[in-house]
Amino acid sequence: MNDKRLEHINISAFQQDLLRWYEENKRNLPWRENNNAYRVWVSEIMLQQTKVDTVIPYFNRFMEKYPTVYELAEAEQQDVLKQWEGLGYYSRARNLQTAVREVVETYDGKIPDDPKQLGSLKGIGPYTKGAILSIAYNQPIPAVDGNVMRVFSRVLHIEEDITQSSTKKLFEYYVGEMISKEDPSSFNQAIMDLGATICTPKQPLCMFCPVMEYCQAYVEGIQESLPVKKKAKKQQKKKYIALLIQNKEGKYVIEKRPDSGLLAGLWQFPMIPADEIVESDWHRWLLENYKIDAEIKGSCTAIKHVFSHIIWNVDVRKATTNQETVSDSRLKFVSIEELKEYPFPVPHQKMIPFLEEK
DNA sequence: AAGCCGGGGTA
DNA sequence: TACCCAGGCTT
């Protein structure tokens with residue numbers, strides 16, 4: 001391999017300075033109370049593309065409701081999604097439960113410490129596999145995420161585009177060379193803490209960095225221009241009309257989204273794709289697609305919601321119907337109280353306060 | 001390799 | 001706005 005970047009660095013001294021800093025400065029986080037593999041696993045899934053502060057309350061609630069793999073394995077998927085409501089990337093929740101069920105059935109409830117077995121579980125990719133093996137089982141395996149690539153792109157002056165999959169393998173190689181064989185758990189977590197608190201994306205606090213003397217980018221004064229990352233393309237915009245359809249019993253129509261794709265398995269208020277359907281056709285379109293005959297009223301609020309790859313602009317309108325039942329099995333009439341038991345995506349949660357309003 | 005998949009926080 | 005975040009799955 002290409003070890004030029006490692007020639008100038010004293011790996012053992014780097015490890016020592018990093019680990020000493022970590023011991024004194026590590027963050028006090030709920031999933032660090034112990035190294036229980038299930039807790040590590042759940043935390044790592046929740047932390048995918050999600051900040052620590054966002055995860056903490058979800059993690060605590062989740063652990064209270066599902067303390068071990070057995071409670072989670074036996075839960076209803078809709079209840080798990082309700083626990084995940086607002087956290088995003090809902091396939092994480094579905095995959096986690098699928099994997100937990102496999103652990104219960106195939107491994108007698110014990111989370112595998114074998115890399116091949118662990119990595120074959122649904123939702124456990126290269127990063128999460130490395131994180132669980134190192135943190136829970138103290139195996140010297142890299143756990144390369146965006147944080148780690150940022151830190152090492154600077155320490156080793158690596159200019160490869162970190163959005164490329166080949167680049168991730170390069171970092172896995174280097175971390176494999178650098179990781180402490182005595183305390184891989186602390187090493188991996190130390191890099192994460194360093195990336196989150198000091199080696200930040202913008203204006204890194206190099207003055208407080210425990211490994212600044214080993215950092216090639218700092219020596220060259222180019223830490224702000226690393227890592228190199230290709231720009232993401234802009235999101236496409238989509239317009240919808242969301243309908244709060246009330247019947248004479250005061251109940252509202254909600255709809256379960258398909259089992260795959262965006263917001264899979266979550267519930268929402270019926271939506272008309274306003275890019276495709278002109279206003280004069282709304283009533284007919286609703287009748288044909290939802291089998292609901294409703295009188296659509298004026299707009300009561302507008303909601304903009306930015307996803308990673310789409311932007312929704314939703315015009316929310318009240319509507320009334322004389323129907324008391326719906327023929328489509330993905331549809332339901334529910335009271336405002338009942339509605340709160342269903343998992344809703346955030347943009348639709350924001351519509352709920354407008355239900356009671358007159 | 002590129003696209004899909006949420007939501008919140010920051011400069 | 002734009003960018004970022006303890007990524008993985010599908011195509």
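Letters A, B, ... mirror the listed sequences (proteins, then strands); counts begin at 1.
- When each of A:Gln349, A:Arg257, A:Lys256 is paired with A:Gln268, the side-chain hydrogen bond (donor to acceptor under 3.5 Å, both in side chains) condition holds for A:Arg257 and for no other.
- Listed by first and then second residue, the side chain to side chain donor-acceptor pair (under 3.5 Å) pairs involving residues 51-65 of chain A amount to none (not counting sequence neighbours).
- Closest-nucleotide positions on DNA chain C for A:Lys229 and A:Ile124 were compared, and the one nearer the 5' end corresponds to A:Lys229.
- Close approach of DNA chain C to chain A, defined as any atom under 4.0 Å from a non-hydrogen atom of the protein, starts and stops at C:dC3 to C:dT10.
- Put simply, the side chain of A:Arg39 never gets that close to the backbone of A:Phe59: no donor and acceptor are under 3.5 Å apart.
- A:Leu226 is not connected to A:Ile198 by any chain of hydrophobic side-chain contacts under 4.5 Å among Ile, Leu, Val, Met, Phe, Trp and Tyr, and they are in different clusters.
- Salt-bridge formation is not detected for the pair A:Asp328/A:Lys291: no Lys NZ or Arg NE/NH1/NH2 atom is positioned less than 4.0 Å from an Asp or Glu carboxylate oxygen.
- Straight-line distance between the C1' atoms of B:dG8 and C:dC9: roughly 23 Å, to the nearest whole Å.
- Residues from residues 36-56 of chain A placing a heavy atom under 4.0 Å of any atom in DNA chain B, listed by number, are A:Gln49, A:Thr50, A:Lys51.
- Nucleic acid contact for A:Gly195: none, since no nucleic acid atom lies under 4.0 Å from a heavy atom of the residue.
- Contact annotation for A:Gln164: backbone-only contact, meaning every heavy-atom pair under 4.0 Å involves sugar-phosphate atoms and none involves a base.
- Contact annotation for A:Lys233: backbone-only contact, meaning every heavy-atom pair under 4.0 Å involves sugar-phosphate atoms and none involves a base.
- Using a 4.0 Å heavy-atom criterion, one finds that A:Arg27 contacts the bases of the nucleic acid, with or without backbone contacts as well.
- Side-chain nitrogen and oxygen atoms of A:His305 include none within less than 4.0 Å of the OP1 or OP2 phosphate oxygen of B:dG6.
- B:dG9 and C:dG8: their C1' atoms are spaced 23 Å apart (whole Å).
- Between the P atoms of B:dC5 and C:dA6, the separation comes to 23 Å (whole Å).
- Side-chain atoms of A:Ser186 and A:Gln189 include no donor-acceptor pair closer than 3.5 Å.
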